[in-house]
Asker: 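Okay, handing you the structure first.
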Amino acid sequence: DDFKKINIIKEKNTKLNITYAGSLYAGKRDPTILFEALKQLIDEKLIKEDKIQLNFYGDSGNLKEIAEKYDLKSTLNIGGFIPHEEVLEKESQSDILLLISWNNPKEQMFIPGKVYEYLALKKPILSIGYKQGSLKDLITETGIGFHVSSLNDTKEALLKFYNEFNENNIVKKLASSYKYGSSDIEIIKTFEDKGKKVYMLKIGRDICEMPTIKIDGNLTSTGITCTR
């Protein structure tokens with residue numbers, strides 16, 4: 001269990017750290033809107049450039065080109081591929097965890113498995129993707145962060161995170177609203193059903209079934225149902 005090996009760093013960050021770990025799938029997961037929103041907020045003097053950092057681990061795609069386009073090279077940290085245990089440490093040390101999904105109607109039914117890792121880490125989530133669907137519903141209903149699809153919504157979410165960090169050196173309101181920690185999430189068993197690998201999870205007092213399918217070699221959740 002990699003979660004048990006995480007070395008939690010208790011020192012507060014001097015910058016608002018936003019972290020993404022995973023593949024960008026040749027542009028299907030496109031962070032451009034994040035850079036554009038950040039650039040506008042900096043130009044509007046609502047965010048200081050030296051008080052925010054965007055961390056990406058995994059394939060870097062065209063991140064350097066996007067950062068150059070918006071003159072944000074100083075805010076970008078590309079960490080490359082690292083072991084999963086180290087990914088969890090980087091995520092645990094971050095203030096905000098970033099989810100990027102394909103901004104396409106076909107994504108409405110999918111929930112990335114990564115969101116459950118983020119949930120276990122008890123970190124606020126900034127999710128960028130299609131305007132409606134299962135992922136947005138999950139984030140909205142649980143209050144674990146913001147799901148955005150437009151430039152204005154992205155700016156609004158970024159500014160809320162930044163203002164709280166600027167005031168407290170930590171983003172704590174959303175994190176404190178989390179119901180679950182890593183010790184509250186347990187995989188009871190897995191089984192196959194109609195070609196899908198299904199995870200039976202114990203989340204707090206709830207028993208949940210999470211069907212998954214393999215997309216580009218990665219397991220992706222197609223939803224989750226829970227009973228108490």
Side-chain angles (χ1 to χ4, degrees), residues 9 11-22 24 29-57 61-79 90-103 107 112 114-115 118-119 121-133 135-179:
I9 303 299
E11 291 183 7
K12 294 178 180 179
N13 292 324
T14 57
K15 298 181 179 183
L16 177 68
N17 272 257
I18 300 175
T19 297
Y20 177 85
L24 296 173
R29 294 179 178 174
D30 185 4
T32 298
I33 196 171
L34 175 65
F35 285 85
E36 185 176 0
L38 178 57
K39 175 61 175 174
Q40 289 191 13
L41 288 167
I42 291 171
D43 288 348
E44 292 164 9
K45 301 190 185 305
L46 295 173
I47 287 181
K48 293 182 179 180
E49 188 172 345
D50 61 355
K51 291 285 286 182
I52 192 165
Q53 182 165 301
L54 307 178
N55 305 300
F56 286 82
Y57 298 93
N62 62 339
L63 284 172
K64 290 182 179 179
E65 289 80 2
I66 297 173
E68 286 176 1
K69 177 181 178 180
Y70 293 101
D71 193 24
L72 290 173
K73 291 187 290 183
S74 65
T75 68
L76 177 62
N77 170 46
I78 298 176
K90 298 294 185 184
E91 290 172 347
S92 74
Q93 294 162 16
S94 186
D95 302 292
I96 309 296
L97 298 178
L98 179 63
L99 276 176
I100 305 174
S101 51
W102 192 17
N103 193 0
E107 288 288 291
K114 195 77 173 174
V115 73
Y118 286 2
L119 179 66
L121 288 165
K122 298 187 73 174
K123 293 286 183 176
I125 294 171
L126 175 59
S127 171
I128 298 172
Y130 190 64
K131 61 185 178 181
Q132 59 192 28
L135 178 58
K136 180 182 179 180
D137 292 344
L138 174 67
I139 290 174
T140 301
E141 290 169 10
T142 57
I144 59 177
F146 300 108
H147 179 84
V148 299
S149 57
S150 70
L151 178 62
N152 285 338
D153 287 348
T154 306
K155 288 176 66 175
E156 184 178 343
L158 266 179
L159 192 57
K160 285 180 179 178
F161 283 136
Y162 176 82
N163 284 341
E164 186 178 355
F165 178 83
N166 203 35
E167 181 178 345
N168 303 305
N169 277 108
I170 190 171
V171 180
K172 59 183 181 180
K173 289 180 182 177
L174 282 169
S176 64
S177 72
Y178 269 54
K179 298 178 182 178

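Residues: numbered from 1 along the sequence shown.
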Asker: Do we see a donor-acceptor contact under 3.5 Å between the side chains of T75 and E49?
Answerer: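 Side chains of T75 and E49: no pair found under 3.5 Å.
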Asker: With heavy-atom distances below 4.5 Å as the criterion, would you say the side chains of L34 and L54 are in contact?
Answerer: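 Side-chain contact under 4.5 Å: yes.
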Asker: Quick one: does L46's side chain get under 4.5 Å of Q40's, heavy atoms only?
Answerer: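 No - every pair of side-chain heavy atoms lies 4.5 Å or more apart.
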Asker: Does one side chain, of T32 or D30, offer a donor that lies under 3.5 Å from an acceptor on the other?
Answerer: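 Checked: T32/D30 side chains pair up, N/O donor to acceptor below 3.5 Å.
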Asker: Which heavy atom of S149 sits nearest to which heavy atom of N103, and what is that distance?
Answerer: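 Distance-wise, the nearest heavy atoms are O-ND2, 4.2 Å.
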Asker: Would the distance check show the side chain of K123 and the main-chain N or O of S92 forming a donor-acceptor pair, the cut-off being under 3.5 Å?
Answerer: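 Side chain of K123 to backbone of S92: a pair is present.
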Asker: Does any part of the side chain of D50, heavy atoms only, come nearer than 4.5 Å to the side chain of S74, both counted from C-beta?
Answerer: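 No, their side chains stay 4.5 Å or more apart.
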Asker: Within the side chain of Y162, is there an N or O that forms a donor-acceptor pair under 3.5 Å with the backbone of K48?
Answerer: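 Yes, the answer is positive, given that a donor and an acceptor are paired below the 3.5 Å cut-off.
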Asker: Could you tell me whether the side chain of K39 reaches within less than 4.5 Å of the side chain of F35, counting heavy atoms only?
Answerer: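 A side-chain contact is absent here, since even the closest heavy-atom pair is not under 4.5 Å.
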Asker: Between S127 and I139, which heavy-atom pair has the shortest distance, and what is it?
Answerer: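 For S127 versus I139, the nearest heavy atoms are CB-CD1, 3.3 Å.
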Asker: Can you tell me how far the CG atom of N55 sits from the CG atom of L76, to the nearest 0.5 Å?
Answerer: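 Nearest 0.5 Å value for the CG-CG distance: 8.5 Å.
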Asker: Okay, side chain of S94, backbone of N17: is any donor-acceptor separation there less than 3.5 Å?
Answerer: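 Yes; judged by distance alone, with no hydrogens or angles, the pair exists.
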Asker: Mind listing the closest non-hydrogen atom pair of S101 and G129 along with its distance?
Answerer: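 Shortest heavy-atom separation between S101 and G129 comes out as OG-CA, 3.5 Å.
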Asker: Say whether D95 and N13, considering side chains only, have a donor N or O and an acceptor N or O under 3.5 Å apart.
Answerer: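 There is such a pair (donor and acceptor under 3.5 Å, judged by atom type) between the side chains of D95 and N13.
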Asker: Taking atom NZ as the centre, does K90 end up with more than 12 heavy-atom neighbours from other residues, nucleotides or ligands that are less than 6.0 angstrom away?
Answerer: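 Count not over threshold, so no.
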Asker: Which word best sums up how the rings of Y20 and F56 line up, parallel for under 30°, tilted for 30 to 60°, or perpendicular for over 60°?
Answerer: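 Y20 vs F56 ring planes: tilted.
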Asker: What's the verdict on side chain to side chain contact (heavy atoms under 4.5 Å, CB included) for L72 and L38, showing C-alpha distance, side-chain angles and the deciding distance?
Answerer: CA-CA 9 Å; L72 290 173; L38 178 57; 4.1 Å; yes
Asker: Nearest 0.5 Å, please: how far is CG in L159 from OG1 in T154?
Answerer: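 Rounded to the nearest 0.5 Å, the OG1-CG separation comes out at 12.5 Å.
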Asker: Can you find a heavy atom in the side chain of F146 that is under 4.5 Å from one in the side chain of E156?
Answerer: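 Counting from C-beta outward, F146 and E156 never come under 4.5 Å.
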Asker: For the residue pair K64 and I78, establish whether any side-chain heavy-atom pair is separated by less than 4.5 Å.
Answerer: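 Touching, per the 4.5 Å side-chain cut-off.
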Asker: If you measure from NZ on K51 to NZ on K15, what distance do you get to the nearest 0.5 Å?
Answerer: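 The NZ atom of K51 sits 9.5 Å away from the NZ atom of K15.
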Asker: So, are E36 and K69 salt-bridged, with charged N and O less than 4.0 Å apart?
Answerer: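 A salt bridge is absent here (no side-chain N lies under 4.0 Å from a carboxylate O).
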Asker: Check this for me: does any side-chain nitrogen of one of K114 and E91 sit under 4.0 Å from a carboxylate oxygen of the other?
Answerer: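 Result for this pair is yes, salt bridge flagged.
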Asker: Run the side chain to side chain contact (heavy atoms under 4.5 Å, CB included) test on L63 and L24 for me, step by step, so that the C-alpha distance in whole Å, both residues' side-chain angles and the decisive distance to 0.1 Å come before the verdict.
Answerer: CA-CA 10 Å; L63 284 172; L24 296 173; 4.0 Å; yes
Asker: Determine the minimum heavy-atom distance between L99 and Y118, stating which atoms define it.
Answerer: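 Shortest heavy-atom separation between L99 and Y118 comes out as CG-CE2, 3.7 Å.
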Asker: Do I128 and L98 come within less than 4.5 Å of each other through their side chains, counting heavy atoms only?
Answerer: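 Yes, at least one pair of side-chain atoms sits under 4.5 Å.
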Asker: For E164 and N166, test the side chains for any donor-to-acceptor distance below 3.5 angstrom and give the result as yes or no.
Answerer: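 No donor-acceptor contact under 3.5 Å links the two side chains.
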Asker: Would you say that L158 contacts I18 through its side chain, given a criterion of any heavy-atom pair below 4.5 Å between the two side chains?
Answerer: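 Contact flag for L158/I18 side chains = yes.
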Asker: Check whether Y130 reaches the backbone of L135 with its side chain - one donor and one acceptor, N or O, closer than 3.5 Å.
Answerer: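 Pair absent, no side-chain N/O of Y130 close to backbone of L135.
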Asker: Please list, chain by chain and in numerical order, all residues satisfying salt bridge (charged side-chain N to carboxylate O under 4.0 Å, His left out) with K131, sequence neighbours excluded.
Answerer: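 Salt bridge (charged side-chain N to carboxylate O under 4.0 Å, His left out) check on K131 returns nothing, list empty.
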